[in-house]
Amino acid sequence: MTEVPVWTLVVAGLIILVLSAIATYYCLELRTARKRQAQQLAELEAAADAQRERVNNSIQIIAKTLLEEGVGLTEASLRIRVLLDSLQVDPTVKEEFVAFYKVADKTSHIPILEDWKKLSRKEQFAFEKEMLRIEGEYRDFALDAAKRILGRSF
């Protein structure tokens, strides 16, 4: 057997020491990155929960205002449909509150905001008449749905 020179063992030991230090450094960096990622995820989840709560509050306010006749059925239906869809509710929830979806679908072609203002008075009157007919058809169902929304979270 040949004897290994001492300097070779010293160099091998130094290489092992340097590689161990590098591995330790990267392990610490990885742990720090994982902690940072977990914190960011928790912050995102908290923000999503807060947004969901705001949307739920908006739905409650619209339903209550509809029941108090502070907003029209067409406007309430359009808003509630958009808000429920933004929460990506189950199809069963959409079925339960189908009155809002039906009114929103049947009136979605009616211009709003600036486009409404651009209409002639005759055109506005025709659309108002159409809205009244649709609202009359779904009013009882929508008011019942609005009562069921109160105090509920989606």
Side-chain angles (χ1 to χ4, degrees), residues 1-119 127 131 134-135 138-154:
M1 276 177 114
T2 58
E3 213 172 281
V4 179
V6 174
W7 67 269
T8 306
L9 293 175
V10 171
V11 170
L14 285 174
I15 290 172
I16 290 172
L17 182 64
V18 168
L19 290 176
S20 295
I22 291 171
T24 301
Y25 170 79
Y26 283 119
C27 283
L28 292 173
E29 284 294 312
L30 180 61
R31 184 168 39 165
T32 303
R34 284 185 177 161
K35 282 182 182 178
R36 187 171 43 250
Q37 185 181 32
Q39 181 182 1
Q40 288 172 341
L41 181 60
E43 289 170 1
L44 285 173
E45 287 174 351
D49 289 345
Q51 175 63 14
R52 191 167 196 89
E53 184 65 28
R54 283 190 296 276
V55 171
N56 270 296
N57 286 339
S58 294
I59 292 171
Q60 296 295 314
I61 290 167
I62 294 167
K64 185 177 179 190
T65 306
L66 174 63
L67 291 170
E68 295 171 351
E69 298 182 13
V71 66
L73 177 56
T74 300
E75 183 177 352
S77 296
L78 289 168
R79 291 175 185 265
I80 288 173
R81 179 187 67 179
V82 167
L83 292 170
L84 287 174
D85 287 348
S86 75
L87 293 175
Q88 299 175 343
V89 294
D90 290 332
T92 56
V93 173
K94 290 181 180 184
E95 288 174 26
E96 183 179 354
F97 300 106
V98 71
F100 296 125
Y101 283 86
K102 291 278 188 183
V103 172
D105 288 341
K106 290 185 180 230
T107 59
S108 64
H109 66 282
I110 297 174
I112 60 171
L113 304 172
E114 291 302 316
D115 292 334
W116 177 264
K117 292 177 185 176
K118 292 176 185 175
L119 296 174
F127 281 129
M131 283 190 293
I134 293 167
E135 288 177 1
Y138 291 95
R139 177 164 297 288
D140 292 339
F141 299 113
L143 293 177
D144 179 59
K147 289 176 188 171
R148 286 183 279 122
I149 280 179
L150 295 180
R152 191 156 167 197
S153 187
F154 300 98

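The two atoms that bring Ile134 and Lys106 nearest to each other are CD1-O, 3.6 Å, heavy atoms only. When all heavy atoms of Val55 and Ser86 are compared, the closest pair comes out as CG1-OG, 3.8 Å.
At least one side-chain heavy atom of Leu66 sits less than 4.5 Å from a side-chain heavy atom of Phe100. Side-chain contact between Glu75 and Ile112: absent, with no pair of heavy atoms (C-beta onward) separated by less than 4.5 Å. Annotation: side chain of Pro111 is in contact with side chain of Leu119 (closest heavy-atom distance under 4.5 Å). Counting only heavy atoms from C-beta outward, the side chains of Lys94 and Asp85 approach each other to under 4.5 Å. For the pair Tyr26/Leu30, no side-chain contact is recorded, criterion being any heavy-atom separation below 4.5 Å from C-beta on. Residues Phe141 and Val98 fail the side-chain proximity criterion, which asks for heavy atoms closer than 4.5 Å. Leu67 is listed as a side-chain neighbour of Leu150, based on a closest heavy-atom distance under 4.5 Å.
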In sequence, state the C-alpha distance, the side-chain angles, and the governing distance for Val103 and Arg81, and then conclude on side-chain contact (heavy atoms from CB on, under 4.5 Å).
CA-CA 10 Å; Val103 172; Arg81 179 187 67 179; over 6 Å; no
Is there a side-chain contact (heavy atoms from CB on, under 4.5 Å) between Phe127 and Thr107 once you walk through the steps?
CA-CA 9 Å; Phe127 281 129; Thr107 59; over 6 Å; no
Should Ile59 and Leu87 be marked as a side-chain contact (heavy atoms from CB on, under 4.5 Å) after you check the CA-CA gap, both sets of side-chain angles, and the distance that decides it?
CA-CA 11 Å; Ile59 292 171; Leu87 293 175; 3.9 Å; yes
What's the verdict on side chain to side chain donor-acceptor pair (under 3.5 Å) for Gln37 and Arg34, showing C-alpha distance, side-chain angles and the deciding distance?
CA-CA 5 Å; Gln37 185 181 32; Arg34 284 185 177 161; over 6 Å; no
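In this structure, Asp140 has no side-chain contact (heavy atoms from CB on, under 4.5 Å) partners at least two apart in sequence or on a different chain.
In this structure, a donor-acceptor pair under 3.5 Å is present between the side chains of Gln51 and Arg54.
Of the inter-residue distances, the one linking Leu14 atom CG with Leu9 atom CG reads 11.0 Å to the nearest 0.5 angstrom. Atoms CD and NZ, from Gln39 and Lys35 in turn, are 10.5 Å apart once rounded to the nearest 0.5 Å. To the nearest 0.5 Å, the span separating SG on Cys27 from CD1 on Ile22 amounts to 12.0 Å.
The only member of Leu17, Ile15, Ile16 that meets side-chain contact (heavy atoms from CB on, under 4.5 Å) when paired with Leu19 is Ile15. Each of Lys64, Gln60, Glu96 was checked for a side-chain contact (heavy atoms from CB on, under 4.5 Å) with Ile149, and the lone residue meeting it is Gln60.
Within a 6.0 Å radius of CZ in Arg79, other residues, nucleotides and ligands contribute 12 heavy atoms or fewer.
Relative orientation of the Phe154 and Phe97 rings is perpendicular, given thresholds of 30° and 60° on the angle between their planes.
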